[in-house]
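Comments concern the structure below.
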Amino acid sequence: MKIRTYRENFITRLVPVHGISEAENFFYMALEEWHHMKRVDLALRPDAEFTVAEVARWDALLAQLKDEQPIQYLLGKAHFYGLEFEVNTNVLIPRPETEELVEWIISDTEFKPSPTLLDIGTGSGCIAITLAKNLSGAAVSAIDVSVGALETAQRNAAANGVSVKFLEKDILAAHDLGEQYTVIVSNPPYIRNLEKEEMKPNVLEHEPHLALFVEDDNALIFYRKITQLAVRNLIAGGKLYFEINQYLGPEMIGLLTDYGFQDVVLRKDMYGNDRMICGTLPV
Ligand code: GLN
C-alpha cells in the first residue's frame with residue numbers, strides 16, 4: 001500500500017482520540033523510527049510503499065495508540081536532554097520538566113572538581129546518565145527499588161557511553177547511603193490519589209504506579225526520608241535537589257528548612273508550576 005494512502009487512514013482514525021497535530025506527530029515519529037524517513041523524504045518519494053507485513057505492524061501501532069498507550073513505550077525510546085533512552089513499562093517516560101532540573105544541577109556543578117552525585121529513584125536513568133554525560137570528572141551513582149528499572153537504566157548508561165554505579169535499594173528502608181556526596185537528586189513518586197482526576201489516561205493507565213503515586217496523607221514520605229539521609233550523606237556545602245509536586249512548594253521549603261538546609265530555592269517549570277527545589281547543607 002502507498003505510504004501516503006496509509007498515512008491518511010492512520011491519522012484520520014487517531015484524530016478523535018488525540019487531535020490532528022498529535023496524530024500527525026505519531027505518524028512521523030514511527031515513520032522515522034521504523035523506516036528512517038522524515039516528512040520531507042515522504043514528500044520526495046510520494047510513491048513509496050509499505051509491504052503487507054509493514055501494514056500489519058502499523059495497524060498494531062494504530063490500535064495501541066487508540067488505546068492511549070504512550071508512543072514512547074510503543075517505539076521503545078524517548079529523548080531527554082539531547083540523548084536517547086530506552087523506555088518500557090518498568091520506567092516512567094522522561095519529562096521535559098525534569099530536563100530543567102538537570103539543567104539546574106549541571107549549571108551549579110560544572111565547575112566543581114570531581115563531584116560525586118547520587119540519583120535516588122533513577123527509573124530509566126535519565127537524570128543520572130545525563131549528569132554523567134555532561135559533568136566531566138563526575139562520579140555518578142543511582143539507586144532504584146525496581147530491578148526492571150535498574151536493568152533498563154544499565155542498558156541506557158551503556159548505550160550513552162557513560163559509567164554509572166547502579167544500586168538496588170529500597171530508600172524507605174535505608175539507614176545510610178554509604179558514601180558522602182556533593183549532590184543528591186531525586187524525582188520520587190509525588191502524585192496524590194486526589195490528583196488522579198487531573199491525569200491523562202496515557203499516564204494513569206500505562207505508566208508505572210510505583211514511580212508515580214503516594215498516599216494523600218503522606219505525600220512527602222520520600223522527600224522526608226531522602227532529606228534525612230542527605231543530612232548524613234552530603235558533604236558540607238553539598239546540595240540536595242528535588243523535583244516536586246507543584247502543589248507542595250511551601251511544604252517542601254518547610255521540610256528542607258526544618259532539616260537545616262540553607263539557601264533553599266524553589267523554581268517553577270516551563271509551565272509556570274512550582275516544580276523543583278534545591279537546598280544547601282551548611283558548611
Ligand atoms: N511529573 C510526572 C507526571 O506528571 C510525575 C513524576 C513523579 O511522580 N515523580 O506524570
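Residue numbers run from 1 in the order of the sequence given. Order of listing sets the numbers, starting from 1, for every ligand and every atom in it.
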query = Numbering the atoms of ligand 1 from 1, which are under 4.0 Å from a heavy atom of Leu92?
reply = 6 (C)
inquiry  = Please confirm whether Ala211 approaches ligand 1 to less than 4.0 Å, judged on its heavy atoms.
reply    = yes
inquiry  = Looking at ligand 1, is there an atom of it that comes within less than 4.0 Å of some heavy atom belonging to Asn245?
reply    = no
key: Side-chain donor/acceptor of Glu207 to backbone N/O of Ile93, under 3.5 Å   = yes
Between Glu195 and Asn245: side-chain donor-acceptor atoms closer than 3.5 Å = yes
task = Please state whether Met199 comes within less than 4.0 angstrom of ligand 1, counting heavy atoms only.
result = no
inquiry  = Need the ligand 1 atom indices (1-based, order shown) with element for anything under 4.0 Å from a heavy-atom of Glu243.
reply    = 1 (N)
task = Please determine, by modelled atom types, if Asn134 and Tyr81 share a side-chain donor-acceptor pair under 3.5 angstrom.
result = no
task = Tell me which one of Tyr190, Phe213, Phe222 gets a heavy atom nearest to atom 8 (O) of ligand 1.
result = Tyr190
key: Side-chain (His35) to main-chain (Phe50) donor-acceptor, under 3.5 angstrom   = no
Nearest neighbour in protein (non-hydrogen) for atom 4 (O) of ligand 1 = Ile191 CD1, 4.0 Å
query = Polar-atom distance check: Pro189 versus ligand 1, any N or O pair below 3.5 Å?
reply = no
note = For atom 10 (O) of ligand 1, the closest protein heavy atom turns out to be Arg95 NH2, 2.7 Å
ask   = Does a side chain donor of either Asp119 or Tyr241 reach within less than 3.5 Å of an acceptor in the other side chain?
value = no
request  = Using a strict 4.0 Å cut-off to heavy atoms of Pro188, name the atoms of ligand 1 that fall inside it.
outcome  = 7 (C), 8 (O), 9 (N)
inquiry  = So that I know where these two stand, are His18 and Phe26 an aromatic pair - ring centroids less than 6.0 Å apart?
reply    = yes
ask   = So, the side chain of Asn202 versus the backbone of Pro70: is there a donor-acceptor pair under 3.5 Å, distance only?
value = no
